[in-house]
Q: 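There's a structure below that I have some questions on.
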Amino acid sequence: MKKGDHLFLVDGSGYIFRAYHALPPLTRKSDGLPVGAVSGFCNMLWKLMQDARNTDVGITPTHFAVIFDYSSKTFRNELYAEYKANRSAPPEDLVPQFGLIREATRAFDLPCIEMEGFEADDLIATYARLACDAGGDTTIISSDKDLMQLVGPTVSMYDPMKDRQIGIPEVIEKWGVPPEKMIDLQALTGDSIDNVPGVPGIGPKTAAQLLEQFGDLDTLLARAGEIKQDKRRQTIIDNADAARISRELVKLKNDVAVADGLESLVLQPPNGPKLISFLKGMEFTSLTRRVAEASGTDASAVDAATVVVELGEAAHGPDVGAGETAQAAAEAKTGELTPAALADSVAQAAVNSKIDVNAYVCIRDIQTLADWIAEARGAEVVAFDTETNSLDPMQAELVGFSLATAPGRAAYVPLTHKEGAGDLLGGGVVEGQIPTRDALALLKLLLEDPNVLKVAHNLKFDMLVMSRHGIDVTPADDTMLMSYALDGGTNGGHGMDALSEKWLGHTPIAFKDVTGSGKSFVTFDHVALDRATCYAAEDADVTLRLWHVLKPRLPVKQVVSVYERLERPLVPVLMRMEERGISVDRQILSRLSGELAQGAARLEEEIFQLAGERFTIGSPKQLGDILFGRMGFAGGSKTKTGQWSTSAQVLEDLAAEGHELPRKIVDWRQLTKLKSTYTDALPGFINPETKRVHTSYALAATTTGRLSSSDPNLQNIPIRTAEGRKIRTAFIADPGHKLISADYSQIELRVLAHVAEIAQLRQAFADGRDIHAATASEMFNVPIEGMPSEIRRRAKAINFGIIYGISAFGLANQLSIPREEAGDYIKRYFERFPGIRDYIEETKAYARDKGYVETIFGRRVHYPEIRSPNPSVRAFNERAATNARLQGTAADIIRRAMIRMDDALAQAGVSTRMLLQVHDELIFEAPDAEVEATIPVVRHVMENAAMPAVSLSVPLQVDARAAHNWDEAH
DNA sequence: ACAGAAGCTTA
DNA sequence: GTAAGCTTCTGTT
């Protein structure tokens, strides 16, 4: 083993128990042999090897072993006779499977390692240490906390069931201490399953806190007298010896004299026939089929192995894996690469070959560029990245671009780099750059070549920059969106740097390190060419490598259609919306700003009068001190940092008691909010060239699949209050045009009625009834005719609550009623709509089981913390997961509508343009004469957006109106 | 110059 | 009770 090599150590014994408990207990072969755990084990191992071979850059194994416990007696029993004494015998139907699982390991052609007197964990510790000594890295396939003490710079763990890496940060997050303190922590907490005594009454939280305070166990025991809590101090003093023994028990032995050295663990190429023979013998039909497909083996030509069952704790018999036929077939295959294997080797190369930023080319003459373009067109796939002088793609000027044609082969083409540091003289243009026009003429041939797939990270940005130069980037893939489709909801974003770390184990040069930041920031055109080349070409190189890693994962995770139908096609649609922008009337905003300033100034004076002093009203700290300190208002509550809360809710409550000051502060806040966030800020976003406002939509920012809008955010323009609505009058259509607003009515409740199959809700929607009134009528037995508005209001709050993953606490807050009363409402609601309670419970169970939920279009939203032991964290994740199915499905539906809209409008012969999306609303701009023709098209596309993929059992309803400004159109 | 908290806007 | 982004204030770097 050498530096760069990577050892995978599978905790076989741990795997067995997890597989056994995770699977239905009654899985048996036709002859009655119980094989559930074997099946689970094989599936996990296969998936692990597929994932690792296909994709995981930097963590592709070169060495591999599966480690087992040998017997239950180990050297630890010498230390402490009671060790593992509590452990009951394994279940009867698991016993015969121990041997089979060892056979399975051999059928996979993987070393199967065990040793008398030692636990699997000790062998794992030893091999990890040997690998580290040899300069290699190790991944331990297990989630057992007993192994976490081994985690370090070269050793990490991987939980295959949760698809989760466990490194130093994850250990700290879970246990509150770094891996090297895990031994001390376990010594304190003990382990009831292994019968490690520990110190009674000390759990992980307390142990972590004590270790934080004292540093390590020895110091803690020596200075136990300093512990403040009487009881805790005494138990620790009394149990010091137990803690020391516990430490010896949990500490893993990393110097076992192992029989097989690392050299015998080198990963062998897969032997399809041998494995298939075993799997057929076990009657694992679906896995047999998958292995046959992946290895290019004809399964029908392979005979099933005769599997011999050995009883006992370990199997030590001869190999009985493959029959003669399989052996012969395997030999015939040697030296012949199947397509799948070829794809694997390409992916591995993308991941394994080192990233060397000094190996990149800086292209400064047209001939070299022409050669690269030709090479790229021959390559069929090319990664592409633009460098600009602004993050705003509508203002950005192209500074250069980079290409990568193969992993490690990348180049940067500088176009408009300047000399010097960009001082007052501006600096001259750097000599030896290809004129932009000439370079783009060549680049266009590549970017518009229908036979070359372009790969970008955050494609929309580059596409928009190129669009402004008359270049249409197509066809194209976006690695950011691939990551989003694969891992939406998992921690960590989908930015290139994070993905490079995650998949390639490589930290790219940071943008900041090239351009500086803050005062020393320079735009990219002022970066020296050699630095710029390293940075820019690396981005293209990394993007291409990520593509090699992520693309094959899409089918594995069953998100190909999400990526290809909901993500990728939206990129050009959003690009066009952003490019088009919307007109905003400066005069209207300026007048509003003046009015707001006046109103705020008047209120300010009145506030100072009432308060009896001048202060910064916008400072919650000062305001809280004045209201609840000096003025002595009662009924204040505290925020989590211990400050007085001055939230609108608190101030409203005070106002309701008849106090003047809080009312005025609420009003003042509203006016200043409108002024600073909208009337003052929006004009600054008017593009000097287009005279329009171009928001930026993020496709991969939310967990649920919604879009988000920023710079400026046009998804939170006020509407609730009359004052706020005035802002909307500033969003206008061009002369001779109208804005059309089309929004889905109650889309999330309709989705709920569909997915939860609630007959009463479906009927109410089918009849076009007022859904909140219908709910109220059903719940409280009140006729809809003449229903008091308060009754309807409560039903409405409950309906929203259901969408949000209801809790009595939240509903009580919303309606300002006692929690008990809210709880009664919920109970009553579930009695009337038991289907919804079932639906919520099913969703939670599914999320707990899988770690994610799915929208009806297959989008996966991950909740890695859904199994958190912390009840409030768990409850939060359950609510979010419940909501995500609904919110995410609604988001998918409007995405589908948007993707089809431009073609539908063109088909209808109108020049109407889609401008904005606000979650359940689309805003268009149409010539006056085309408004009538546009509305039915828009409505039809939106109302039928789920079809044909899904036929909803509830009609979608879209309301659409046209007017000169957004306020009147909505 | 930056980060976090508090607060407020939307669906 | 869900999902976002922006502004101000405040304390830290």
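Just so we're on the same page: letters track the sequence lines, and every chain starts at 1.
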Q: Using the rule given for side chain to side chain contact (heavy atoms under 4.5 Å, CB included), can you reason through Arg586(A) versus Ile686(A), listing the C-alpha separation, both sets of side-chain angles and the distance that settles it, and then say yes or no?
A: CA-CA 9 Å; Arg586(A) 258 208 177 80; Ile686(A) 297 173; 3.6 Å; yes

Q: Tell me: CH2 of Trp644(A) to C1' of dC9(C), nearest whole Å?
A: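 Trp644(A) atom CH2 is separated from dC9(C) atom C1' by 20 Å.
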
Q: With heavy atoms under 4.0 Å as the rule, sort Ala648(A) into base, sugar-phosphate or nothing.
A: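 The residue Ala648(A) makes sugar-phosphate contact but no base contact.
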
Q: Could you give the CG-to-P distance, from Asn713(A) to dG5(C), as a whole number of Å?
A: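 Between P of dG5(C) and CG of Asn713(A): 7 Å.
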
Q: Looking for any heavy atom pair under 4.0 Å, which part of the strands does Ser807(A) touch: base, sugar-phosphate only, or nothing?
A: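 Answer is base: heavy atoms of Ser807(A) come under 4.0 Å of a base.
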
Q: Could you tell me whether Gly618(A) contacts a base, only the sugar-phosphate backbone, or nothing, with contacts defined as non-hydrogen atoms closer than 4.0 Å?
A: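 Sugar-phosphate contact only - Gly618(A) comes under 4.0 Å of backbone atoms but never of a base.
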
Q: What does Asp743(A) touch in the nucleic acid at a heavy-atom separation under 4.0 angstrom: a base, only the sugar-phosphate, or nothing?
A: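 Here Asp743(A) touches no strand at all.
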
Q: With rounding to the nearest 0.5 Å, note down the distance linking CZ in Arg794(A) to NE2 in His772(A).
A: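 Rounded to the nearest 0.5 Å, the CZ-NE2 separation comes out at 15.5 Å.
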
Q: dT9(B) C1' sits how many Å from Arg725(A) CZ, rounded?
A: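 Rounded to whole Å, this separation is 15 Å.
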
Q: A side-chain contact here means heavy atoms from C-beta on lying under 4.5 Å apart; do Ile836(A) and Leu752(A) qualify?
A: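 In contact.
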
Q: It should be established whether Ser708(A) places a side-chain nitrogen or oxygen under 4.0 Å from OP1 or OP2 of nucleotide dG5(C).
A: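 For dG5(C), OP1/OP2 do have a side-chain N/O of Ser708(A) under 4.0 Å.
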
Q: Apply salt bridge (Lys or Arg N to Asp or Glu O under 4.0 Å) to Asp967(A) and list each qualifying residue two or more places apart in sequence or on a separate chain.
A: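 Asp967(A): salt bridge (Lys or Arg N to Asp or Glu O under 4.0 Å) contacts with Arg725(A).
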
Q: Under the salt bridge (Lys or Arg N to Asp or Glu O under 4.0 Å) test, which residues partner Asp892(A), sequence neighbours left out?
A: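 Here the qualifying residues are Arg859(A).
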
Q: Just how far, in rounded Å, is C1' of dA3(C) from CZ of Arg879(A)?
A: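 Checked: the CZ to C1' distance equals 14 Å.
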
Q: Ignoring hydrogens and angles, does a donor from either the side chain of Gln715(A) or the base of dT10(B) sit under 3.5 Å from an acceptor on the other?
A: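 Absent.
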
Q: Could you give the CG-to-P distance, from Asn716(A) to dG7(B), as a whole number of Å?
A: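 It is 18 Å, rounded to the nearest whole Å.
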
Q: Can you measure Phe615(A) atom CZ to dT8(C) atom C1' for me and round it to whole angstrom units?
A: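 Between C1' of dT8(C) and CZ of Phe615(A): 15 Å.
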
Q: Under the salt bridge (Lys or Arg N to Asp or Glu O under 4.0 Å) test, which residues partner Arg939(A), sequence neighbours left out?
A: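 Salt bridge (Lys or Arg N to Asp or Glu O under 4.0 Å) check on Arg939(A) returns nothing, list empty.
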
Q: Decide, yes or no, whether a salt bridge links Glu578(A) with Lys460(A) under the criterion of side-chain N to carboxylate O below 4.0 Å.
A: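 Looking at Lys460(A) together with Glu578(A), the answer is yes, because their closest N to O distance falls below 4.0 Å.
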
Q: NA contact type, Ile803(A), heavy-atom cut-off 4.0 Å: base, sugar-phosphate, or nothing?
A: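 The answer is nothing, as Ile803(A) stays clear of every strand by at least 4.0 Å.
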
Q: Look at all strands and tell whether Ile802(A) reaches a base, only sugar-phosphate, or nothing, counting heavy atoms closer than 4.0 Å.
A: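 Nothing: the residue Ile802(A), judged by heavy atoms under 4.0 Å, touches no strand.
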
Q: Calculate the interatomic distance between Arg706(A) atom CZ and dT10(B) atom C1'; express it in whole Å.
A: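 Atom-to-atom, Arg706(A) to dT10(B), this comes out as 9 Å.
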
Q: Could you check whether any side-chain heavy atom of Val918(A) comes within less than 4.5 Å of a side-chain heavy atom of Trp966(A), counting everything from C-beta outward?
A: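 The answer is yes; the side chains approach within 4.5 Å.
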
Q: Counting side-chain heavy atoms from CB outward, which of dC8(B), dA6(B), dA3(C) is closest to Thr641(A)?
A: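 Looking only at side-chain atoms, Thr641(A) lies closest to dA6(B).
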
Q: Describe the nucleic acid contact of Ala797(A) in one word from base, sugar-phosphate, nothing, applying a heavy-atom distance below 4.0 Å.
A: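 Base, at least one base atom sits under 4.0 Å.
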
Q: Partners of Thr695(A) by side-chain hydrogen bond (donor to acceptor under 3.5 Å, both in side chains), sequence neighbours excluded?
A: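 Thr695(A) satisfies side-chain hydrogen bond (donor to acceptor under 3.5 Å, both in side chains) with Ser709(A) only.
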
Q: Are more than 12 heavy atoms from other residues, nucleotides or ligands located less than 6.0 Å from atom NZ of Lys827(A)?
A: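 Open: at most 12 neighbouring heavy atoms sit under 6.0 Å from NZ of Lys827(A).
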
Q: Could you check, using the six-membered ring where one of them is a Trp, whether Tyr829(A) and Phe833(A) have ring centers closer than 6.0 angstrom?
A: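 When the ring centroids of Tyr829(A) and Phe833(A) are compared, they turn out to be within the sub-6.0 Å range.
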
Q: As a test of reading the structure: which of dA1(B), dA6(B), dA11(B) is closest to the side chain of Thr639(A), going by heavy atoms?
A: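 Closest of the options to the side chain of Thr639(A): dA6(B).
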
Q: Please work out which residues in residues 664-682 of chain A have a non-hydrogen atom less than 4.0 Å from an atom of DNA chain B and list them by number.
A: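 Arg669(A), Gln670(A), Lys673(A), Tyr678(A), in order of number.
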
Q: Is Ile717(A) touching bases, backbone alone, or none of the nucleic acid, heavy atoms closer than 4.0 Å?
A: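 Since only primed, P, OP1 and OP2 atoms lie under 4.0 Å of Ile717(A), the category is sugar-phosphate.
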
Q: Rounded to whole Å, how long is the line connecting atom NE2 of His919(A) with atom P of dA4(C)?
A: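 My rounded result for the distance is 10 Å.
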
Q: Please classify the nucleic acid contact of Ser709(A) as base, sugar-phosphate, or nothing, using heavy-atom distances under 4.0 Å.
A: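 Sugar-phosphate only.
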
Q: Any protein N or O atoms within reach of nucleotides 10-13 of chain C? Criterion: under 3.5 Å, listing atom names and distances.
A:
| residue | atom | partner | partner atom | Å |
| --- | --- | --- | --- | --- |
| dT10(C) | OP1 | Ser619(A) | OG | 2.4 |

